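First up is the structure itself, then whatever we jot down about it.
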Amino acid sequence: MEHAVAATPAWAVLAYLAAGVLFILALRGLSSPESSQAGNRNGIIGMALAVGTTLALHPTGLLLIIGAIAIGGGIGWVIAQRIQMTAMPELVAGFHSLVGMAAVLVGCAAYLNPGAFGITDATGAILAVSRVEMGLGVAIGAITFSGSIIAFLKLSGRMSGSPILLPGRHIINLGVLAGIIVLTGVFAFDTAAGMGQGPLMWIILGLSFIIGVTLIIPIGGADMPVVISMLNSYSGWAAAAMGFTLQNTAMIITGALVGSSGAILSYIMCKAMNRSFISVIAGGFGADSGGGGGDKASGPAKSYKAGSADDAAFIMQNAETVIIVPGYGMAVSQAQHALREMGDLLRKEGVSVKYAIHPVAGRMPGHMNVLLAEANVPYDEVFELEDINSEFGQCDVAFVIGANDVTNPLAKTDKTSPIYGMPILDVEKAKTVLFIKRSMGGVGYAGVDNPVFYADNTMMLLADAKKMVENIVKALNGGGH
Amino acid sequence: MDFLSILSIFVLAVFVGYYVVWSVTPALHTPLMAVTNAISSVIIVGALIAAAAGAITDGGGLSQWLGLLGVVLASVNIFGGFAVTRRMLAMYKKKEKKPAASK
C-alpha cells in the first residue's frame, strides 16, 4: 500500500494533548456539584477539539462521516432526553457496550487497512507491537461489549437478575482467558496475521465475545454496582489500547482516566460490601449462600410489629429528627417524588429531615443521589454513610425505604453471615425504626434475615414503597395540627 | 512518537486519573460514570480515520464501512453521554436559603 502516512503535524499533536487535558478537567469538575456543569462543558469542548482535529487531518469522505455523526448523535440525544432517571444503570451499561463495539470496529478497520493508520513496516506488514495493541484492544472491546449487553439485559429486567451458574464456569473462563492471551501472543509473530490474513484475529474476537457473556451471567443483581464499574473501566482500557495503536495522546489519556475511574469505583463498591473483587467476579453470590447464612429464617416465626401509614405519620410528626435511608426498593417503585413531599411536609412541622446513603444502595454508584436530586431534594441534605452514621444514636426516627442488607446489624456481629464485615447504616440505634418492606416473606439479596425487623423499636410498614409513602403524605396533610 | 514516550504518557495519565477520581464526591458517582462513558468515546478518532482513509485508498471498502459504523456508535455515546450528564447535573441543587429551615 503506497499510501504513505505523514507524521502527525505538531499542531495536531498539541490539539490532541489539549483535548486530553480538557477531559481531565471534566472529571476534576465533578469534585463538587457547583463546578460540575463547567466540567461537563470542558468535556464537550475536548471532544469537539479531538473530532475537529481528526477531520482536519483526514478531510476525505466527509459527507458520509457527517451523516454518520448526525445519525448517531441524533439517536444519542433523543435517548438522553427521554430516559428516566431510574433507568440510568441500564442506560450506562448500554452505552458501555457501544464503546466496546466501537473499539472492536476500529481494531478491525485498522487490521484490514493498516496503511491508513500508519502501522505498517517497509514491507507493508503490520508492526508486531501494533498487532499486540490491536489484539488487546479488540479483545477488551469485545469483552466490554458482550459483558455490557448482559449487564444491560439484567438491569433492565429483560433477563433474570439472579446468577446463572454454568457447570465448571471457572475452568471455562480461565481457559478462554488463557486462550485469548496466548493467541494474542501468537498473533504478534504470525506472518500471515502481519499481512492482515489468517483466522487468528477473528478467533481472538470470537473468544472475547464469549468470555464477556460467561463472565457476567453468574453475577447477581445487587453486585451490579461492581460489574457496571468494572465494565466502565474496561471501556477505558479498550480506548487506551486503541490509542497506543494510533499513537494518539487524547485516546491514551482518556483511556487511562476512564480505566482508573472505573477501577476506583469497583474498589469503593467492593469495600462497601466487604467483598473481594475476585469473589464478586467469580459470581454466584446470593444463589449458593443457602447454607452459609447463620440466621436464616428457621425455627418458629418471629414476631414483629406492623404499623399503618397513619401510625408512621403520627410518629414522624412528633419526632425532632428523621433520617431517611433509601435503597433499591425506592428506585423500583419510583417513590422518590412522594418521599420528597413527605420530607417537605415534615420539615414544615419543624422536623429535621436528612437522607443517609449507603455506597452500594441501588444498582450503580451514586444511584440514590441522582434519584433524590431528580425529586428536588437539595444535595446538602443527603449524606454519605461515614458522615451520618454517628447520628442514628441521637435521631428519633430512622425511615428505611427499600433498603435491607445495608441496615443489617448481623454484619457487625455474626461472623458466619455472608455479609459479615460489611459497613452498615446503624438504623437500629434510632429511637424508632420505620421499615417499609413489601412483605415479610422475602429476605434481602444476600439471603439473610434482618434482626431489625423483629426489634422492639421497629415498626414494619408492609406495602409497596410508593403507595405507603403516598399514604403517609395523605395522613400528614389530613391529620396535621 | 516511539512506544516508550506513549507508554510514559499512559502511565502518568493513570496516576492523574487516580487522584482526580478520588476527589470526585460520591454523590456524583453516577454522573461520573456517564461522563467517563462519553469521553471514552474519543475512540471515534480511530473510527474517523478508518472512515476517511477508506474513501481514498483501494481495498479500504470494508474498513471504511466498519469505520463509519464505529462513528455512528461512538456518536450515540458522545451526544447521549454528555447530554444525560448535563441533565443529571442540572438536577443537583443546593438548599434554598430560608431562615431557620432546619433545627
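Predicted model only: the values in this text are computed from it and were never measured. Lettering of chains follows the sequences in order, A, B, ..., and the numbering in each one begins at 1.
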I'd like to know which of [options] tops the heavy-atom pair count under 4.5 Å against chain A.
| options | value |
| --- | --- |
| B:Leu12, B:Val14, B:Ile43 | B:Ile43 |
| B:Ser40, B:Ala47, B:Ser41 | B:Ser40 |
| B:Gly70, B:Ala27, B:Ala83, B:Ala13 | B:Ala27 |
| B:Ile39, B:Ile44, B:Leu7, B:Leu28 | B:Ile39 |
| B:Tyr19, B:Phe15, B:Trp22, B:Tyr18 | B:Trp22 |

Review point. What residues form a ring-ring contact (aromatic ring centres under 6.0 Å, His included) with A:Tyr111, not counting sequence neighbours?
Key: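 Partners of A:Tyr111 under the ring-ring contact (aromatic ring centres under 6.0 Å, His included) test: A:Phe187, A:Trp202.
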
Practice item. Just jot down the ring-ring contact (aromatic ring centres under 6.0 Å, His included) partners of A:Tyr234, sequence neighbours excluded, or say none. Key: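 A:Tyr234 satisfies ring-ring contact (aromatic ring centres under 6.0 Å, His included) with no residue once adjacent residues are dropped.
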
Practice item. Check each atom of B:Ala38 against the heavy atoms of chain A and say whether the ones under 4.5 Å are side chain, backbone, both or neither. Key: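 The answer is the backbone of B:Ala38.
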
Check your understanding: Where on B:Ile78 is there a heavy atom nearer than 4.5 Å to chain A: the side chain, the backbone, both, or neither?
Key ->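 It is the side chain, since no backbone atom gets that close.
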
Structural part of [X] lying under 4.5 Å from a heavy atom of chain B:
| X | value |
| --- | --- |
| A:Val129 | side chain |
| A:Ser229 | both |
| A:Thr60 | both |
| A:Glu384 | side chain |
| A:Glu133 | side chain |
| A:Ile83 | both |
| A:Glu374 | both |
| A:Ile228 | both |
| A:Ala238 | backbone |

Close side-chain approach of [X] to [Y], heavy-atom, < 4.5 Å:
| X | Y | value |
| --- | --- | --- |
| B:Leu48 | A:His58 | no |
| B:Leu89 | A:Leu30 | yes |
| A:Met88 | B:Val84 | yes |
| B:Val35 | A:Asn40 | yes |
| B:Phe79 | A:Ile69 | yes |

How far apart are the closest heavy atoms of [X] and [Y], and which atoms are they?
| X | Y | answer |
| --- | --- | --- |
| B:Tyr92 | A:Pro33 | CB-CB, 4.2 Å |
| A:Met251 | B:Val45 | SD-CB, 4.0 Å |
| B:Met33 | A:Leu265 | CG-CD1, 3.7 Å |
| A:Leu246 | B:Gly46 | CD2-CA, 3.3 Å |
| A:Ile268 | B:His29 | CD1-CE1, 3.9 Å |
| B:Gly17 | A:Leu257 | CA-CD2, 3.5 Å |

Practice item. Report the C-alpha distance between B:Ile6 and A:Ile252 in whole Å, list the side-chain angles of each, state the deciding distance to 0.1 Å, and finish with yes or no for side-chain contact (heavy atoms from CB on, under 4.5 Å). Key: CA-CA 8 Å; B:Ile6 296 183; A:Ile252 290 171; 2.9 Å; yes

Any side-chain to backbone donor/acceptor pair from [X] onto [Y]? Under 3.5 Å, distance only.
| X | Y | result |
| --- | --- | --- |
| B:Ser75 | A:Gly72 | no |
| A:Ser261 | B:Val21 | no |
| B:Arg87 | A:Met85 | no |
| A:Ser31 | B:Val24 | no |
| B:Asn77 | A:Phe95 | yes |
| B:Thr36 | A:Val258 | no |
| A:Arg28 | B:Val20 | no |

Could you tell me the separation between the [atom1] atom of [X] and the [atom2] atom of [Y], rounded to the nearest 0.5 Å?
| X | Y | atom1 | atom2 | value |
| --- | --- | --- | --- | --- |
| B:Lys94 | A:Tyr379 | NZ | OH | 4.5 Å |
| B:Trp65 | A:Leu112 | CH2 | CG | 15.0 Å |
| B:Gln64 | A:Asn113 | CD | CG | 9.5 Å |
| A:Arg41 | B:Thr85 | CZ | OG1 | 13.0 Å |

What residue, out of [options], has the most heavy-atom pairs lying under 4.5 Å from chain B?
| options | answer |
| --- | --- |
| A:Val92, A:Ile357, A:Val51, A:Ile71 | A:Val51 |
| A:Pro365, A:Gly366, A:Ala102, A:Gly61 | A:Pro365 |
| A:Met364, A:Gln37, A:Met242 | A:Gln37 |
| A:Ile44, A:Val78, A:Ile75 | A:Ile44 |

Check your understanding: What class does the angle between the rings of B:Phe3 and A:Phe244 fall in, given that below 30° is parallel, 30 to 60° is tilted and above 60° is perpendicular?
Key ->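 Judged by the thresholds at 30° and 60°, the geometry between B:Phe3 and A:Phe244 is tilted.
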
Check your understanding: Hey, are B:Asn37 and A:Ser235 close enough side-chain-wise for a donor-acceptor pair under 3.5 Å?
Key ->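 Side chains of A:Ser235 and B:Asn37: no pair found under 3.5 Å.
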
